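Structure first, then comments.
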Amino acid sequence: MVNRILIATFLIVTSFQASAQLLKDELKRRLLKEFDEDKTESILLCMEFFEHELSTFFNLSENSGQEPIAMYIEYTEENYPEFEIPLDFSAQQELYQKLDTHFFIQTWDYGLASYGPDGTTYILLNLKSGSPLFHYLKKKSKKVKTVTDYLNRLNIVGDISPASIGQLASLIPLEHQQNIELRILLTFHYLTLNDRIKRRDKM
């Protein structure tokens, strides 16, 4: 009986790992059709960082058989608006150094914002609505309303808005949680939001 349970557990874990690898292979294949090798690698590095940080937050091992992004979607739904963004900002800054410089400049830029009673001005990271990455997402994700609504709002507002944050923390149908474009969007949204919350570079 114990052997059967162990075999069943092994098969489940092996199946999950195979599925995760297939997803990564498909992601890379799709990206290479749109981006060069350096920009593709930058996107993959960001996604690997995001998933690693989520796995640490949920204490998931490589063999857990659980999917960190799906778990985070559920977590944000249950805890909005008081959910945590469990990304180590020092590690995130190290990640920036590994990214292709041209890709970083195309995807993000810096602005200014004032906070607090004294109106202190801080440097603010912004997602670029006209970046090649978001052009790709808009082209490829027409069937996923969560993604298209977010991109439309980003294009209108020109920045991450409270409405867009709430949208990504609202109910996302299970059939979309493995969608590659949604996973890319979640990665770059939360990297940007985490930077805004934790960066304290004054002007």
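Residue indices begin at 1 and follow the sequence shown. Bear in mind that the values here come from a model prediction, so they are computed numbers and not experimental data.
- Taking NZ of Lys39 as the reference point, atom OG1 of Thr107 lies at 9.0 Å (rounded to 0.5 Å).
- One hydrophobic cluster, built from ILVMFWY side chains closer than 4.5 Å, holds both Ile197 and Leu168.
- In the hydrophobic cluster analysis, where Ile, Leu, Val, Met, Phe, Trp and Tyr join through side-chain heavy atoms closer than 4.5 angstrom, Leu44 is grouped apart from Leu32.
- Atom NE2 of His52 has 12 or fewer neighbouring heavy atoms from other residues, nucleotides or ligands inside a 6.0 Å radius.
- Ser170 contributes a side-chain N or O that, together with a main-chain N or O of Gln167, makes up a donor-acceptor pair within less than 3.5 Å.
- Side-chain atoms of Arg196 and Asn126 include a donor-acceptor pair closer than 3.5 Å.
- The nearest pair of heavy atoms linking Pro68 to Phe58 is O-CE1, 4.0 Å.
- Ring planes of Tyr190 and Phe50: parallel class, angle under 30° (limits at 30 and 60°).
- Nearest heavy atom pair, residue Pro86 against residue Leu54, reads CG-CD2, 3.8 Å.
- Residue pairs meeting the ring pair (Phe, Tyr, Trp, His ring centres under 6.0 Å) criterion with at least one member in residues 126-146, sequence neighbours excluded: Phe35-Tyr136.
- Nearest heavy-atom pair, Asp118 versus Thr120, reported as atom, atom and distance to 0.1 Å: OD2-OG1, 2.7 Å.
- Asn179 contributes a side-chain N or O that, together with a main-chain N or O of Leu182, makes up a donor-acceptor pair within less than 3.5 Å.
- From Thr76, atom OG1 reaches atom CD1 of Ile172 across 6.5 Å, with rounding to the nearest 0.5 Å.
- One distance of note links CD of Glu51 with OG1 of Thr187; it measures 6.5 Å at 0.5 Å rounding.
- Atom CD1 of Ile160 sits about 11.5 Å away from atom OG of Ser129, to the nearest 0.5 Å.
- Side-chain contact annotation: Thr121 with Ser114, donor-acceptor N/O pair under 3.5 Å present.
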Please lay out, stage by stage, how Phe49 and Gln92 fare under the test side-chain contact (heavy atoms from CB on, under 4.5 Å). CA-CA 8 Å; Phe49 171 80; Gln92 185 172 331; 3.8 Å; yes
Less than 3.5 Å apart, which donor and acceptor atoms pair up between the side chains of residues 140-147 and the rest of the protein, not counting sequence neighbours?
{"from": "Ser141", "atom 1": "OG", "to": "Leu137", "atom 2": "O", "distance (Å)": "2.3"}
{"from": "Lys145", "atom 1": "NZ", "to": "Asp149", "atom 2": "OD2", "distance (Å)": "2.6"}

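- Note that NE2 of His189 is 6.5 Å distant from CD1 of Ile85, once rounded to the nearest 0.5 Å.
- Cluster membership check: Leu45 shares its hydrophobic cluster with Phe104, using side-chain heavy-atom separations under 4.5 Å among Ile, Leu, Val, Met, Phe, Trp and Tyr.
- To the nearest 0.5 Å, the span separating CG on Leu27 from CD on Glu181 amounts to 8.5 Å.
- In this structure, Tyr80 is a member of the same hydrophobic cluster as Leu186, with clusters built from ILVMFWY side-chain heavy atoms closer than 4.5 Å.
- Of the N and O atoms on the side chains of Gln177 and Arg183, not one donor lies less than 3.5 Å from an acceptor on the other residue.
- Although no hydrogens or angles enter the test, the distance criterion places no donor-acceptor pair under 3.5 Å between the side chain of Gln93 and the main chain of Asp88.
- Although no hydrogens or angles enter the test, the distance criterion places a donor-acceptor pair under 3.5 Å between the side chain of Asn194 and the main chain of Leu87.
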Is there a salt bridge (charged side-chain N to carboxylate O under 4.0 Å, His left out) between Arg30 and Glu26 once you walk through the steps? CA-CA 6 Å; Arg30 287 197 203 181; Glu26 174 64 14; 3.0 Å; yes
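- At least one test fails for Arg199 against the ring of Tyr122: distance under 6.0 Å to the centre or angle within 45° of the axis.
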For a salt bridge (charged side-chain N to carboxylate O under 4.0 Å, His left out) check, start with the C-alpha distance between Lys24 and Glu48, then their side-chain angles and the critical distance, and finish with the verdict. CA-CA 10 Å; Lys24 289 178 181 178; Glu48 287 170 8; 5.8 Å; no
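- By the rule that hydrophobic residues join a cluster once side-chain heavy atoms approach within less than 4.5 Å of another member, Leu193 and Val157 end up as members of separate clusters.
- Panel note: side chain Tyr72, backbone Glu67; no donor-acceptor pair is recorded below 3.5 Å.
- With Asp195 contributing its side chain and Leu191 its backbone, the two residues share no donor-acceptor pair below 3.5 Å.
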